[in-house]
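Residue numbers start from 1 in every chain, and the chains themselves are labelled A, B, ... in the order their sequence lines are given, proteins ahead of strands.
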Protein chains: 2
Amino acid sequence: MEVYTVITEKQKKTARYAKAMGHPVRLYVLQLLSEQSCCYSGDLSEVLPIAKSTLSQHLKELKDAGLIQGEIEAPKIKYCINKENWNEARLLLGDIIK
Amino acid sequence: MEVYTVITEKQKKTARYAKAMGHPVRLYVLQLLSEQSCCYSGDLSEVLPIAKSTLSQHLKELKDAGLIQGEIEAPKIKYCINKENWNEARLLLGDIIK
DNA sequence: AATATAGTTCGTATTTTTGCGAACAACGAA
DNA sequence: TTCGTTGTTCGCAAAAATACGAACTATATT
């Protein structure tokens, strides 16, 4: 059963993407990856003033939101934008700020 | 004293706006106000499945983020977009999703 | 002055987020 | 196989977000 609401699924999805972007560290990572195709967690860890475990959590959140994806390149992990979802997020947010 | 970080003030500001947009209720209100110039809290309260006090909190957050403003029109309060900041938010977010 | 309306603030509870260090897992190199 | 590198997961703590109902404030109406 669904509680009645005027809020659409599209708006919920948009809000989820916006929420994922709503932290400086995550926004930094997203912006970097939208510009330079890929990076390693270690690269980020060197420049960001947070613990590795904290960074890992933020990366996980971006992954859970669907905005990035990781590919094993042992012993590192290469992170890139999830193009499909990133494009969706851009469209959805673009519709809000149009 | 400022801890060193590669994260810019611009990114922090963008993240703050994104965070304010990161909830379905707040996104709904923003989208409504970006389309129809103004509304009253009561209008929102009628259609949104949340308590009035909860709505009031969300409106306060949007106000604190600078995205909307309220004008007393007793006994109601007329809410509108804060055009200056909304435009700033659009520019900042537009820069991310460009 | 009493009442009705509109909305905020207060008090509280629950959940989620943010963050850290220690421990762990996976893999390549020596 | 032992060691180093890379990054995640675990356990914990503190802070912030979300939500509600009750109480309150302010104003207009009767």
Side-chain angles (χ1 to χ4, degrees), chain A residues 2-7 11-12 14-30 32-33 38-80, chain B residues 2-7 11-12 14-30 32-33 38-80:
Chain A
E2 178 69 55
V3 172
Y4 170 74
T5 170
V6 291
I7 296 174
Q11 283 170 325
K12 287 184 194 170
T14 309
R16 270 197 296 277
Y17 283 133
K19 189 176 182 179
M21 296 169 61
H23 188 285
V25 165
R26 295 195 295 267
L27 194 73
Y28 173 83
V29 173
L30 278 176
L32 191 76
L33 288 182
C38 73
C39 76
Y40 298 92
S41 178
D43 304 342
L44 300 169
S45 195
E46 272 176 28
V47 297
L48 292 171
I50 54 172
K52 280 193 306 175
S53 55
T54 305
L55 173 60
S56 197
Q57 272 190 136
H58 283 301
L59 293 174
K60 182 177 180 335
E61 276 180 72
L62 287 173
K63 246 188 294 180
D64 290 348
L67 291 173
I68 67 171
Q69 57 197 228
E71 185 189 330
I72 294 171
E73 207 170 84
K76 299 185 181 182
I77 295 177
K78 187 170 81 177
Y79 282 104
C80 350
Chain B
E2 178 67 58
V3 172
Y4 169 75
T5 171
V6 291
I7 296 174
Q11 284 170 325
K12 288 184 194 169
T14 309
R16 270 196 296 278
Y17 283 132
K19 189 175 182 180
M21 294 168 63
H23 188 286
V25 166
R26 295 195 296 267
L27 195 74
Y28 172 85
V29 173
L30 278 176
L32 190 77
L33 288 183
C38 74
C39 76
Y40 298 92
S41 178
D43 304 342
L44 299 168
S45 194
E46 270 175 29
V47 295
L48 292 172
I50 55 173
K52 279 193 307 173
S53 54
T54 304
L55 173 60
S56 197
Q57 274 190 134
H58 283 301
L59 292 174
K60 183 178 181 335
E61 277 181 70
L62 288 173
K63 247 189 292 180
D64 290 348
L67 290 173
I68 66 170
Q69 58 197 225
E71 187 188 330
I72 294 171
E73 208 170 82
K76 299 185 181 182
I77 295 177
K78 188 171 80 177
Y79 282 103
C80 350

Just the rounded figure in Å: distance from C1' of D:dT9 to CD1 of A:Ile77. 12 Å
Here the pair of heavy atoms bringing A:Ser45 nearest to A:Lys52 is OG-CG, 3.1 Å
For A:Ser41, which contact category applies under a 4.0 Å heavy-atom criterion: base, sugar-phosphate, or nothing? sugar-phosphate
Distance from A:Gln69 atom CD to A:Leu33 atom CG, nearest 0.5 Å? 10.0 Å
Distance below 4.0 Å between A:Tyr79 side-chain N/O and D:dT6 OP1 or OP2: no
B:Met21 CE to D:dA17 P, straight-line distance once rounded to whole Å: 17 Å
Whole-Å distance separating the OH atom of B:Tyr40 from the C1' atom of C:dT8: 18 Å
How would nucleotides 18-30 of chain D be written as a contact map, 5' to 3', with B for base contact, S for sugar-phosphate-only contact and - for no contact, using protein heavy atoms under 4.0 Å? BBBBB----SS--
B:Asp43 atom CG is separated from C:dG7 atom P, nearest whole Å, by 8 Å
Using whole Å, what does the distance between atom P of nucleotide C:dG7 and atom CD of B:Glu73 come to? 10 Å
Tell me whether B:Arg26 contacts the main-chain N or O of B:Ala20 through its side chain, where contact means a donor paired with an acceptor under 3.5 Å. yes
Value in whole Å for how far the C1' atom of C:dA29 lies from NZ of A:Lys76: 15 Å
CG of B:Leu59 versus C1' of C:dG7: gap in Å, rounded? 10 Å
A:Leu32 side, atom CG; A:Leu27 side, atom CG - distance, nearest 0.5 Å: 11.0 Å
Can you sort out the partners of B:His23 under side-chain hydrogen bond (donor to acceptor under 3.5 Å, both in side chains), two or more places apart, ordered by chain and number? none
When rounded to whole Å, the CZ to C1' distance for the pair B:Arg16 and C:dT18 reads 17 Å
Within the structure provided, determine whether A:Ile77 and A:Ser41 are in side-chain contact (heavy-atom separation under 4.5 Å). no
